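Structure record follows, encoded as structure tokens.
None of the values given here were measured: they were computed from a predicted structure. Remember, it's 1-based here, ligands and their atoms both numbered in the order they're listed. In this chain, numbering begins with 1 at the start of the sequence shown.
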Amino acid sequence: MKKLEQIYEGKAKKVYRTDDPALYLVEYKDDATAFDGQKKGTIVGKGAINNRMTNLLMVLLEQKGVPTHFVEERSDRETVVRKVDIIPLEVIVRNVSAGHFAQRYGVEEGIAFDEPTVEFSYKNDALGDPLLNAMHARALKLATGEEIDEIIRRALQVNGILQEFFLTVGIRLVDFKLEFGRADDGTILLADEISPDTCRLWDMETGEKLDKDRFRRDLGHVEEAYQEVMRRLATSKD
Ligand code: TMP
Ligand code: ASP
């Protein structure tokens, strides 16, 4: 498989066409941004960690019955994925209050919910990714009602699998963001990444943040936190 021209550059990844029209190649960068790109920086080694971690989790999810876009890891920063049309929804699952949830509703961080919540943002940088509900998503024709039902069901399934997995490595899965895509046959596949950029991961014992909040909030030891998550996942027996 040949890597052809770049077709998209996001804040953390680039996407390339390949000589197989059904496949794309994703390349992970060390670039980090926060607050709609207002804060910019580099997290050394992040691209390789996010690539490896995403793939490890995508394989686990596939094994447990979640259809994903993952095909194969091609190098430490590159992965072959199935070509999908990304549905422009950021699908956020939360188990514990944190981040924008805590801010928006004026509650402290760290309150465990009785059951997980799912929310959507409209993936649109120019608008600052505004929060929207399922009916808004349908009104904007971002997805059909059936697709939204499937996305919510899949997001909760992913949450159950990941929560259980992270527990085995001493990590509390606080919240995370998923993106889904439509394959050519209309199937909904889990796409994008699952990494410390897109999850809040707290050490179960100490509560220490092992995710991108260390960068967002200038907490220091950013690289070490990413490495620590990767170290735990790599040694897990799952
Ligand atoms: P939030 O509390 O800022 O809404 O974030 C919820 C989760 O989604 C958190 O784990 C970080 C992740 N996230 C992204 O992956 N991309 C984003 O642009 C934002 C705002 C959050
Ligand atoms: N990646 C997003 C941005 O640039 C936000 C975030 O992860 O906090 O702005």
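- Counting heavy atoms of neighbouring residues, nucleotides and ligands inside a 6.0 Å radius, atom CD of Glu205 does not exceed 12 of them.
- Near ligand 1, Glu90, Ile92, Arg94, Ala98, Gly99, His100, Asp175, Phe176, Lys177, Asp197, Thr198, Cys199, Arg200, Arg216 each place a heavy atom less than 4.0 angstrom from the ligand.
- Side-chain contact check for Thr198 and Glu193: no donor-acceptor pair (N or O, by modelled atom type) lies under 3.5 Å.
- In terms of protein heavy-atom proximity, atom 8 (O) of ligand 2 is nearest to Arg216 NE, 2.7 Å.
- For atom 1 (N) of ligand 2, the closest non-hydrogen atom on the protein side is Lys212 NZ, 3.2 Å.
- Residue contacts with ligand 2 for Thr33 involve both N, CA, C or O and side-chain atoms from C-beta outward (heavy atoms, distance under 4.0 Å).
- Among the atoms of Asp197, none of the N or O lies under 3.5 angstrom from an N or O of ligand 2.
- The Lys11 neighbourhood of ligand 2 comprises atoms 3 (C), 4 (O), 9 (O), with distances under 4.0 Å to a heavy atom of that residue.
- Separation of the Phe166 and Phe176 ring centroids does not fall under the 6.0 Å cut-off.
- Side chain of Asp36 to main chain of Gln38: no donor-acceptor pair is present (N/O by atom type, distance under 3.5 Å, no hydrogens or angles).
- At a 4.0 Å heavy-atom cut-off, ligand 2 does not touch Lys39 at all.
- The closest donor-acceptor contact from the side chain of Lys212 to the backbone of Thr33 lies under 3.5 Å.
- A donor-acceptor pair is defined here as one N or O able to donate and one able to accept, closer than 3.5 Å; no such pair exists between the side chain of Asn159 and the backbone of Ala155.
- Under a 3.5 Å cut-off, the side chain of Asp76 and the backbone N or O of Ala48 do not form any donor-acceptor pair.
- Under 4.0 angstrom from ligand 2, there are no non-hydrogen atoms of Gln38.
- For the side chain to side chain donor-acceptor pair (under 3.5 Å) condition, the pairs that include at least one residue of residues 98-118, sequence neighbours left out, are Glu109-Arg217.
- When only modelled atom types and interatomic distance are considered, Thr187 and Asp185 share a side-chain donor-acceptor pair under 3.5 Å.
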